[in-house]
Amino acid sequence: MSENTSDTTPNDATLPASEEGYSDPEELTMAQDFPRGTAAEIPVTSNGEIDDQVEHSYNLDLKRSIPAGLGLSQTQITAHGFDSSKEGIIEAGPFQDRQITQQKSGPVVLSEEPRSTAIEKFELVRRWSLNTYKCTRQILSEKLGRGSRTVDLELEAQIEVLRDNKKKYENVLKLAQTLSAQLYQMVQTQRQMGDAFADLSLKSLELHEEFGYNAETQKLIAKNGETLLGAINFFISGVNTLVNKTIEDTLVTVKQYETARIEYDAYRTDLEELNLGPRDATTMPKIEQSQQLFQAHKEKYDKMRSDVSIKLKFLEENKVKVLHNQLVLFHNAISAYFAGNQKQLEQTLKMFHVKLKTPGVDAPSWLEEQ
């Protein structure tokens, strides 16, 4: 097979019939008459490689056939199999399956709702920053001795007594917890000693009675110790509720009152400074605004002062009632235990409705209690 060395034009490039596979002259004539595009006419050399010169000419024709400005994303390539009678066709044009939508240009308009929300947040941050600055300045001026503060002598004295009592009650609570832990260890030791004496009384016939007496005594003392332990734990529970719940809740209100007092003094000082300055068209709106803020914080301060006074009064009444019962229980239980009066010890617990938890027995559920 020889290589075709004849000149090839873009529209009339052909190959010998033997290379095309046409055996019949009639088929060869039909093939020659069939119009061919430049895209399908790619000459091949004798060794099966594409002629580079003709390939370059093919690429130039392909670029000319695609309209200017048409990108690859808008070009559709339709390829057919080798057995098909149609050659490969490259069609330039937009895809039919994909709709390309372009975003319309124009001014971006923000809705009013996000804008108003942002403004509200900015206003809240601005007010918080201004209030924090005024309160910090008031606190520093009070500590440095340059500023004045509002003092309610009677209320401040009650608050100081409450804080001092809280520290003392916490100390009593800590000591009672230590006593309970030590008593528990002593009860466990006495119970073990009672078991040891009872075991020896069975194995030592000559000391059977002596070991037996000691075993009964240790077991009785351990039982009374468990009763006293129940009374002490009830006392601890009552004092803990008073200190860590009732008094603590009152102190939270006291802290709110002190914060309101600082804000009141800060805006009062601000108003006094504005009143000392000139009064003209520029300063009068600021003075009026400062007067309104001062009045609002004054009302808040008066309300918090009233709340603290009421809570301190109720706390004092509740404290006396709770501690009275707890102290009577603690005294009677301790006295009966060390006097060896088991009957009085049990009556003391029944009087204050103290229920002992039996070792190894779980507490009844709420359904059983119903």
Checking Q342, K343, Q344 against E346 for side chain to side chain donor-acceptor pair (under 3.5 Å), the one that qualifies is Q342
For the pair R137 and T269, evaluate side-chain hydrogen bond (donor to acceptor under 3.5 Å, both in side chains) and give the outcome as yes or no after the intermediate values.
-> CA-CA 10 Å; R137 184 181 64 177; T269 304; over 6 Å; no
What closest approach, in Å, do L271 and I287 show between heavy atoms, and which atom pair accounts for it?
-> CD1-O, 4.0 Å
Shared hydrophobic cluster, F330 / F338 (ILVMFWY, side-chain heavy atoms < 4.5 Å) = yes
Hey, is the main chain of A176 close enough, under 3.5 Å, to the side chain of S180 for a donor-acceptor pair?
-> no
Mind checking who shares a hydrophobic cluster with I139, ILVMFWY linked at side-chain heavy-atom distances under 4.5 Å?
-> I262
Is any side-chain heavy atom of Y257 closer than 4.5 Å to a side-chain heavy atom of I159?
-> yes
Contacts of D270 meeting side chain to side chain donor-acceptor pair (under 3.5 Å) (sequence neighbours excluded), chain-then-number -> K134
Connected via hydrophobic side-chain network under 4.5 Å: M193 and L228 | no
Establish whether I334 and M186 are linked, either directly or via other cluster members, by ILVMFWY side-chain heavy-atom contacts under 4.5 Å.
-> yes
Between CD on residue Q289 and CG on residue L274, distance to nearest 0.5 Å | 10.0 Å
Say whether F197 and L207 are linked into one hydrophobic cluster, either directly or through other cluster members, by side-chain heavy-atom distances under 4.5 angstrom.
-> yes
Kindly indicate, with the supporting measurements, whether the criterion side chain to side chain contact (heavy atoms under 4.5 Å, CB included) is fulfilled by V252 and Q256.
-> CA-CA 6 Å; V252 169; Q256 295 175 356; 4.0 Å; yes
Are any side-chain N or O atoms of S290 and backbone N or O atoms of K286, one a donor and one an acceptor, separated by less than 3.5 Å?
-> no
Any side-chain heavy atom of L229 within less than 4.5 Å of one from Y184?
-> yes
Got a second to check how far Q182's CD is from Q185's CD, nearest 0.5 Å?
-> 9.0 Å
Over all atoms of both residues, closest heavy-atom pair of R261 and T150 = CD-O, 3.4 Å
Indicate yes or no: at least one non-hydrogen side-chain atom of D152 is less than 4.5 angstrom from one of E154.
-> yes
Could you go through the side chain to side chain contact (heavy atoms under 4.5 Å, CB included) check for D199 and F211 one step at a time?
-> CA-CA 8 Å; D199 182 61; F211 279 123; over 6 Å; no
D307 pairs by salt bridge (Lys or Arg N to Asp or Glu O under 4.0 Å) with which of K303, R305, K311?
-> K303
Rounded distance [0.5 Å steps], CG in N165 versus CD in E170 = 11.0 Å
NZ of K166: more than 12 outside heavy atoms within 6.0 angstrom?
-> yes
Can you name the nearest heavy-atom pair linking L205 to L202, along with the distance?
-> CD2-O, 4.4 Å
Hey, does K298 have a side-chain heavy atom less than 4.5 Å from the side chain of D302?
-> yes
Give the C-alpha distance, both sets of side-chain angles, the deciding distance and a yes or no for salt bridge (Lys or Arg N to Asp or Glu O under 4.0 Å) between E258 and R163.
-> CA-CA 14 Å; E258 292 176 346; R163 287 174 173 164; 3.0 Å; yes
From V172, T241, L173, L179, residue fulfilling side chain to side chain contact (heavy atoms under 4.5 Å, CB included) relative to I236 | L173
Side-chain (N341) to main-chain (Y337) donor-acceptor, under 3.5 angstrom = no
Are any non-hydrogen side-chain atoms of R268 and D265 less than 4.5 angstrom apart?
-> yes
Looking only at heavy atoms, what is the nearest atom pair of T253 and M304, with distance?
-> O-CE, 3.9 Å
Is it true that I232 and V322 fall in one hydrophobic cluster, defined by side-chain heavy atoms closer than 4.5 Å?
-> no
Provide the closest heavy-atom pair for S201 versus G212 in the form atom of the first, atom of the second, distance.
-> CB-N, 3.8 Å
Between L140 and T136, is a side chain to side chain contact (heavy atoms under 4.5 Å, CB included) present by the stated rule, with each step listed?
-> CA-CA 6 Å; L140 292 176; T136 304; 4.2 Å; yes
Pairwise distance CG(L200) to CG(N214) - rounded to 0.5 angstrom = 10.5 Å
H297 and Y301, any side-chain heavy atoms less than 4.5 Å apart | no
If a pair satisfies salt bridge (Lys or Arg N to Asp or Glu O under 4.0 Å) and one of its residues is in residues 318-340, list it, with sequence neighbours excluded.
-> E316-K319
CG of L312 to CD of E317, rounded to nearest 0.5 Å, is 11.5 Å
Shortest non-hydrogen separation from Q326 to G238 and the atoms involved = NE2-CA, 3.9 Å
Would you confirm whether H208, through its side chain, and S204, through its main-chain N or O, come within 3.5 Å as a donor-acceptor pair?
-> no
Any K219 side-chain heavy atom under 4.5 Å of D195 side chain = yes
Side-chain touch Y264/K300, heavy atoms, less than 4.5 angstrom | no
About how many Å separate CG of L242 and OH of Y169, when rounded to the nearest 0.5 Å?
-> 6.5 Å
